Amino acid sequence: MQFLKDLNPKQQEAVKTVEGPIMVVAGPGSGKTRVLTYRIAYLIHIGVPASNILALTFTNRAANEMKERIVQLVGDKSKQLWMGTFHSVLAKILRIEGEKIGYERNYTIYDSADSLSLIKSIMSAKGISTQQFNPQAIRARISSAKNQLVMPDDYARRTLDLFEEKTAAVYVDYQKQLKHNNAMDFDDLLLKPIELFDRNKKTLEKYHDRFRFILIDEYQDTNRAQYILIRLLAEKHKNICVVGDDAQSIYAFRGADIRNILDFEHDYPDARLIRLEQNYRSTKTILDAADRVIKHNVDQIAKDLWTQNQAGEKITLLACADDRDEGGTIVQKIYEETHRRKIDLNGIAIMYRTNAQSRAIEDALRRNSIPYVIIGGIEFYQRKEVKDVLAYFRVLVNLRDDESFLRIVNYPSRGIGEAAIVRLRAFANSKQRSLLDAASGVGDLPGVTTKARNGLREVSTLFQKYVQIKSEISISELCRSLVDELGILPMFKNEGTPDAMTRWENVQELLSAITEFSERRSDATLEDFLQDVSLVSDIDEWDGSHNAVTLMTLHSAKGLEFPIVFISGLEEGLLPFSNSALDRKEVEEERRLYYVGITRAMEKLYLSYARARYRFGEVTYQTPSRFLEELSDASLETINNVQRYPARTHHVNEENAARHRKPPKQVDHDHSDVMPDYENDTASCLNLRIGSFVEHETFGKGKILTIAGVGDSMKAVVDFPSVGRKSLLLQYAHLKVL
DNA sequence: ATTAGGCGATTTTTT
DNA sequence: ATCGCCTAAT
């Protein structure tokens, strides 16, 4: 038991309290991951078979890291451990048990984009206008209903308005269609196991006996469905250890319910509560800043974070003229830092609220030849050509997957148009067969052109052929041969445009990914690969060992640490993010996100904001974030590039005076001339600001949400209680400030 | 049936 | 600014 001496007393207690429910509230950098890994290692060490342990994490990456570490501690006997994300572990259980609730083991997993297209097709089938009712919004409603375990019929009974009625109607068909396709969406991966265990007590008991010790990471980010699932699994032995930090709960938008962690002691009355409050990660300055910020929140478990680390350097605030300047200034600081400390680029991370912000920063990095890796954003597996090819594989694996079938039935073009599809659908429905199946009986199909008929026959024989050879050749050969037969690669080559070349490369890359996957796991099936694609995210694949700066959203940054962290875009409307007025709870979630960002930093933290920023292709004027005021002046130093551009509340006269002042120091090159003159702007003359209340001749009173554009084309979006949101040209609107 | 060109929405965050 | 979707033209 040598390894326990790596732990402080609190951590040891968390590791050695093996029986009964236990909650570990772990502040940032307090060794949470360490506790989890050592606890598992300890269990195995004292003789618990690894196969009796279930550990659920938030990302696959966290799971893999821990697994490796555990192997180091106790060796190969840990291999039988069940560890992964909720979604991946449950997907695995559903492959085994799904037949009990009417799914075949080769079911397909739909991502949000797949769900959306299914919802759209249901809407058009039911004659619900996608103009009037936003399919995205309907998808989101259905998803959140599922997260709360509200079933279609329950939902239908509780509708409050027309939109919800339509949603209810779509929801019913959506679930039917998923089942018909032998497919599940992300939410089903949580829901269906609950259904399984409810209906099938024997199966539940089997898993009770298997998972005698359960550990949950990032408990603050679990939703209702996950909560119920954990309760079901743990109800017999009650050996459940949850680890989390309410202050780092940042997934409410996805249904995460912070009550799960706040009420743990209520749910398990004899629960042991352990707080880890010593921070090993950050300097005193950084930790104090984080602590000060989070104290502004009302909803939280009180904690006293402390550290023995040194005070370290002050936090540096970079006040920038615009997003381009922000990128340039960050680059300059990266230069300084890499020269000053012996630090590699992979010790540096740049974080932002929205993926769209990465662009200006990427430009700056590229201009200065600084290598970077970017996490998230437009994902490889979301690209059209990749999804198209994957759809072929999906159909091959699950012949009932109508959604994927529809995607590829006329790709590449086979002369199958909408009319033919309508006929095929009707035919399939009447026979209760899948579309692919129906396509094979295309001879009986009336009202279809010869061309379409031949096309359908072609698709059908194509799949018959590959179903047959599927088990005979390796999956990489199978996939390559299928792609070759489609002829899309030469098609891209012939097109010759840079865009087509990228597509060509992407398809090649997909094929290499499959090869690599099957080399890594000798028994891997195509089913396994497809599941991996659905459930693995960018962050899971990220490898911090390259010499490159890492760019990512604040959400992706959770669980990571870097010696140097930049948080960019500290502006109202961006961090905290809003498209309209925020209520307290929303601001608190944004603040937690900010807190997560701050606490990623070990040695040095930079914050930055831009006075102006391109959003939606227009210049928008930004106000520094309220979160900046929550830091103490003593711990902060400011580098100001924007002396010329005083705060927007200032009067015109002062601005004129300010214009003649020279900026103290030009930090970076070539980005100083893009700013428009403030003093000519209608908005500044009128003293209009985001959040101002104004009056309009016809619309009445309203509140300004955004201001964009320059000079004559300057526009404001105003929220009028009477008529809703309006985008107005200030030149004509004659707004009166109230 | 395919394609070009115009229009409108889109940007919150993700398993 | 960019992407997807729709319409009109071929």
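Naming: A, B, ... by sequence-line order, numbering from 1 per chain. Predicted, not measured: the structure shown is a model, and the values here were computed from it. Every heavy atom of this structure was used, including side-chain atoms; hydrogens, water molecules and symmetry mates were not.
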**OP:** Respond yes when some side-chain nitrogen or oxygen of A:N147 is under 4.0 Å from OP1 or OP2 of B:dT15, and no when none is.
**Re:** no
Original post:
How would you label the contact of A:I416 with the nucleic acid (heavy atoms, under 4.0 Å): base, sugar-phosphate, or nothing?
Top reply: sugar-phosphate
**OP:** Mind listing the closest non-hydrogen atom pair of A:E589 and A:S249 along with its distance?
**Re:** OE1-O, 4.0 Å
Original post:
Between the side chains of A:D188 and A:Y110, does any donor sit under 3.5 Å from an acceptor?
Top reply: no
Atom pairs, protein N/O to nucleotides 6-10 of chain C N/O, distance under 3.5 Å:
none

**OP:** Let me know the distance between CG of A:N60 and C1' of B:dT14, rounded to the nearest Å.
**Re:** 13 Å
Subject >> A:Y614 OH to B:dT11 P, straight-line distance once rounded to whole Å >> reply: 22 Å
Original post:
Want to settle it: does A:A356 or A:T553 sit nearer the 5' end of DNA chain B, counting the closest nucleotide to each?
Top reply: A:A356
**OP:** Check ring-ring contact (aromatic ring centres under 6.0 Å, His included) between A:F405 and all other residues, then give those that pass, not counting sequence neighbours.
**Re:** none
**OP:** Return the value, rounded to whole Å, for the distance between atom CG of A:L574 and atom P of B:dT13.
**Re:** 10 Å
Original post:
A:N134 side chain N/O closer than 4.0 Å to the phosphate oxygens (OP1, OP2) of B:dT10?
Top reply: yes
Subject >> Set of residues satisfying side-chain contact (heavy atoms from CB on, under 4.5 Å) with respect to A:A356, sequence neighbours excluded >> reply: A:T354
Original post:
Within the pair A:S556 and B:dT14, is there a side-chain N or O less than 4.0 Å away from OP1 or OP2?
Top reply: yes
Subject >> For atom CZ of A:F58 and atom P of B:dT13, their distance in whole Å >> reply: 15 Å
**OP:** Would you please name every residue forming a ring-ring contact (aromatic ring centres under 6.0 Å, His included) with A:F393, sequence neighbours left out?
**Re:** none
Original post:
Just checking A:Y251: base, sugar-phosphate only, or nothing, at a heavy-atom cut-off of under 4.0 Å?
Top reply: sugar-phosphate
Subject >> Most 5' of A:N410 and A:H87 on DNA chain B, judged by nearest nucleotide >> reply: A:N410
Original post:
Tell me: CD of A:Q220 to C1' of B:dT13, nearest whole Å?
Top reply: 15 Å
**OP:** Could you tell me the separation between the CG atom of A:L593 and the P atom of B:dT11, rounded to a whole number of Å?
**Re:** 18 Å
Original post:
To the nearest angstrom, how far is A:R613 atom CZ from B:dT11 atom P?
Top reply: 18 Å
Original post:
Has A:F253 got its ring stacked on the base of B:dT13, with centres under 5.5 Å and planes less than 30° apart?
Top reply: yes
**OP:** Under the salt bridge (Lys or Arg N to Asp or Glu O under 4.0 Å) rule, collect the residues that match up with A:E630, sequence neighbours excluded.
**Re:** A:R591
**OP:** Strictly below 4.0 Å, heavy-atom distances to any atom of DNA chain B: list the hits from residues 107-120 of chain A, or just say none.
**Re:** A:S112
**OP:** Using salt bridge (Lys or Arg N to Asp or Glu O under 4.0 Å) as the criterion, list what pairs up with A:K384, not counting sequence neighbours.
**Re:** A:D388
Original post:
Between B:dA1, B:dT15, B:dT11, which one does the side chain of A:T85 approach most closely?
Top reply: B:dT15
Original post:
By ring-ring contact (aromatic ring centres under 6.0 Å, His included), which residues pair with A:W504, not counting sequence neighbours?
Top reply: none
Original post:
Taking CZ from A:R359 and C1' from C:dA1, how many angstroms apart are they, rounded to a whole number?
Top reply: 7 Å
**OP:** Considering just the side-chain nitrogens and oxygens of A:N355, establish if one lies under 4.0 Å of OP1 or OP2 belonging to B:dT13.
**Re:** yes
Original post:
Quick one: ring-ring contact (aromatic ring centres under 6.0 Å, His included) partners of A:Y251, sequence neighbours excluded?
Top reply: A:F58, A:F253, A:H555
Subject >> A:K387/A:D111 ion pair, N-O < 4.0 Å >> reply: yes
